[in-house]
Amino acid sequence: MRLSQLFFTTLRDDPADVEMASHRLLLRAGYIRPLGSGIYSLLPLGKRVNDRVEQIIHEEQDRIGGQEMEMPVVHPADIWRASGRYDAIGAELTRFKDRNGRDMVLAMTHEEVVGILLADIVKSYRQLPLMVYHFQTKWRDEPRARAGLIRVREFVMKDAYSCDRDEAGLDISYQAQYDAYVRTFERLGLKTVAVASDVGIMGGSGAHEFMVLNPAGEDVLVLCEACGYAANRQVARIEHPKAAAEAALPREEVETPGTTTIASLAAFLDIPETRTAKAAFFVTGDGRLVTAIVRGDLEVNETKLSNAVGASTGLRPATAEEIKAAGMEPGYGSPIGAHDTTVVVDELVAASPNLVAGANKVGVHYRSVNVGRDFTPDVTADITNAREGDPCPTCGKSVILRNGIEVGNIFKLGTKFTDAAGATYLGEDGKEHPIVMGSYGIGVGRNVACVVEDHHDEKGIAWPEEVAPYAAHLVAIGANKDPQVAEIAERLHAVGEAAGYWRHILYDDRNESPGVKFTDAEMLGMPWILTVSPRSLAAGGIEVTNRATGERSTRSIEDVEALIRGG
RNA sequence: CGGGGUGUAGCGAAGCCUGGUUAUCGCACGUGCUUUGGGAGCACGAGACCGUCGGUUCGAAUCCGACCACCCCGACCA
């Protein structure tokens, strides 16, 4: 491809309002352009990288027996009503009416459609197991798009669906996808860690997210370097320290004016925060007030809390009025004397004697509150966030916290969607059974961005060979002085064209100064930069620079032709 | 949805506070000549209803109001 003809431009200055390296470089080097918040065009360079990433995913899905198909982007709303998700999902699901007034949705994913297809096609156990997948545009009206291709509203996802006779079959399919993901991300040049994750609105019995560690990642991961324990903080178990062995003391009121925060309360009474209990108030989607009690020094984990109370549509913070209506006082709240609320107590609080807690009066707390004696929890569960240095739930060593970007997930769905669609098969036993599903997603564009995150330097992108849009970047210098330079450059370009689509090279034939050409070559990031000039020819051939390592050598023209062909 | 910020040419910015000729600069772009190993030089040129709508004023990029868009933090997030 001649750079003089390529539909692209590089930007000399950093775009304003851009934070992440991948966002900045993909814009500056002419791979992508925004059309709206979280909506991007892929320019030819971006499209080629995208296609290479898809190709790798494709090969690894095919290797485990995946069959590629394609399902629609626009769905009748009824199929989402049947699965219950039409009501369970908020504004990120875009709903609209067609010309006849029928309710439609823009698909966020395709479990419902797979369920319907299974109901239509699969009749017998002999047709199972099977695995289907497609690459399809998803529209999710995210509350906030950010970080370029990392979090967008429209994006292409590979979503795969395993269909099995039973849980044992699902386990096998799930493991196959797990292994396929490991191979896929390795080929993309991404270092990932698979973490246990929340099953959320999807239900199901287990899930992993594949995470790339990145300080700008949106998820917090709990990792143990000693034993390899890895979980999303949303679900990471906490190993509790032993409760203090202490007899329960009589409860007593204490004046604590102006102590609406745990920090001020602990300072006022001159006690550690660990000797306090704090209350946090939430409301479920169906209007139940939830009072969560955790030790003062810990944070409430909303995912765990939500799961503990079976809040299928999540939680929102309660208002002061809602808290008071249940007989509690914001800032001085506790379940003592409260009514009409579900009380969820963290395991650690339940095991800790003589804590300071609110007395539901402004400026007053109780000393020596004891769970069970002073109030009765509706639920006792682990509802706090793991912290750096907490003991690992598996081996007891200290865990570390890291941020991560989710590049893929795998999910044991079970029969939720096949039940909704009535997708059953006749087993060997002559009876009907529901088909057991799993679902497996990889966001293509986000992976492109993550590859840039992990493969760039201050000069620009440095693509790994397997995802680079072109095999090499050829810079011709002094072609107007020495006709041999142009002649050789043309020849190398032709060698790439003849060697196959992914062996094409970028040929900078523009009438630009050497500085511009080198700067652009480094920014665009092809794995090899080839320089042809009177000087290189005098030195015996072509100067070859490894973009990632900076290693430079002069090679013969024949060697360079072999390199372009992939030798 | 809450908080903060920004909208002036393709990109990056100045001008706005303190209203007043033809809106400024760098890069990019066009033409010509020179130039080719690290973001070239000279000359000429084109490109902006100053986010939108409304208001104040003799006069608005500038002051006021509403709206829209984008970015950041949070909420949210298979």
Side-chain angles (χ1 to χ4, degrees), chain A residues 8-20 23-24 27-28 30 33-39 83 85 88-93 107-112 138 140-148 150-153 157 159 161 197-204 207-209 216-219 232 234 282 302-303 306 313-317 405-406 408-413 416-417 437-443 459-460 475-482 485-486 508-523 529 531-539 543 545 552:
Chain A
F8 91 123
T9 185
T10 54
L11 303 176
R12 267 196 195 200
D13 302 306
D14 282 339
D17 301 327
V18 166
E19 306 286 317
M20 282 183 83
H23 190 193
R24 178 170 50 85
L27 283 170
R28 275 195 67 179
R33 281 294 181 271
L35 189 61
S37 183
I39 310 174
S83 69
R85 296 163 100 192
I89 296 177
E92 60 268 32
L93 176 67
M108 298 170 65
T109 177
H110 287 77
E111 283 82 5
E112 283 83 356
K138 314 290 178 192
R140 298 180 184 181
D141 199 354
E142 298 284 350
R144 187 157 82 85
R146 52 179 290 272
I150 300 286
R151 183 158 215 88
V152 290
R153 296 193 294 168
M157 175 184 251
D159 38 327
Y161 303 90
S197 68
D198 183 43
V199 295
I201 196 172
M202 306 285 288
H208 284 85
E209 292 163 339
E218 298 175 306
D219 290 279
N232 193 309
Q234 291 178 327
F282 299 89
E302 278 193 45
T303 302
S306 181
T313 55
L315 300 168
R316 65 164 171 83
I405 300 168
E406 181 186 348
N409 63 34
I410 57 177
F411 213 102
K412 290 184 184 179
L413 278 179
K416 172 174 171 149
F417 294 95
M437 276 175 67
S439 84
Y440 313 91
I442 295 179
K459 292 175 175 173
V475 176
I477 290 169
N480 56 343
K481 274 189 184 167
D482 185 347
V485 168
D508 194 345
D509 60 334
R510 297 175 301 174
N511 182 27
E512 291 285 358
S513 69
V516 171
K517 291 184 178 183
F518 286 129
T519 306
D520 280 352
E522 284 155 349
M523 186 144 66
I529 297 171
T531 309
V532 179
S533 69
R535 189 199 284 186
S536 78
L537 294 177
E543 187 178 276
T545 305
R552 194 172 291 194

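All chains are named by letter (A, B, ...) in the order of the sequence lines, taking the proteins before the strands, and each is independently numbered beginning at 1.
In this entry C70(B) has G5(B) as its Watson-Crick or G-U wobble partner, both defining distances falling under 3.5 Å. The base-pairing partner of G12(B), taking Watson-Crick or G-U wobble contacts with both distances under 3.5 Å, is C25(B). Base pairing of C53(B) is made with G65(B), judged by Watson-Crick or G-U wobble geometry with both donor-acceptor distances under 3.5 Å. Pairing for A40(B) goes to U34(B), judged as Watson-Crick or G-U wobble with the two contacts each under 3.5 Å.
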Return the polar atom pairs (N/O with N/O) between nucleotides 41-48 of chain B and the protein under 3.5 Å, or none.
none

Protein-nucleic acid N or O pairs under 3.5 Å, nucleotides 5-14 of chain B:
| from | atom 1 | to | atom 2 | distance (Å) |
| --- | --- | --- | --- | --- |
| G12(B) | OP1 | A16(A) | N | 3.2 |

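Across all strands, E512(A) comes closer than 4.0 Å to base atoms (heavy-atom distances). Contact annotation for M157(A): base contact, defined as any heavy-atom pair under 4.0 Å involving a base atom. Across all strands shown, A216(A) has no heavy atoms under 4.0 Å from either base or sugar-phosphate atoms. When heavy atoms are screened at a 4.0 angstrom cut-off, T9(A) is found touching no nucleic acid atom at all. Across all strands shown, E543(A) has heavy atoms under 4.0 Å from base atoms, whether or not it also approaches the sugar-phosphate.
Side chain of R552(A) to backbone of E543(A): no donor-acceptor contact under 3.5 angstrom is found.
The listed nucleotides are G37(B), G38(B), G39(B); the one nearest the side chain of T531(A) is G37(B). Checking G37(B), C76(B), G39(B) against every side-chain atom of P143(A), the shortest atom distance belongs to C76(B). When distances run from any side-chain atom of R151(A) to the nucleotides C70(B), C77(B), G37(B), the shortest one goes to C77(B).
A heavy-atom distance below 4.5 Å is not found between the side chains of N232(A) and E406(A).
The side chain of R153(A) contributes no N or O atom lying less than 4.0 Å from OP1 or OP2 of C77(B). Phosphate proximity of C73(B) to R144(A): present, with a side-chain N or O under 4.0 Å from OP1 or OP2.
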Quick one: what's the B/S/- string for nucleotides 30-35 of chain B, heavy-atom cutoff under 4.0 Å, read 5' to 3'? -----B
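Remark: P of C71(B) and CD1 of I150(A) are 14 Å apart, rounded to the nearest angstrom.
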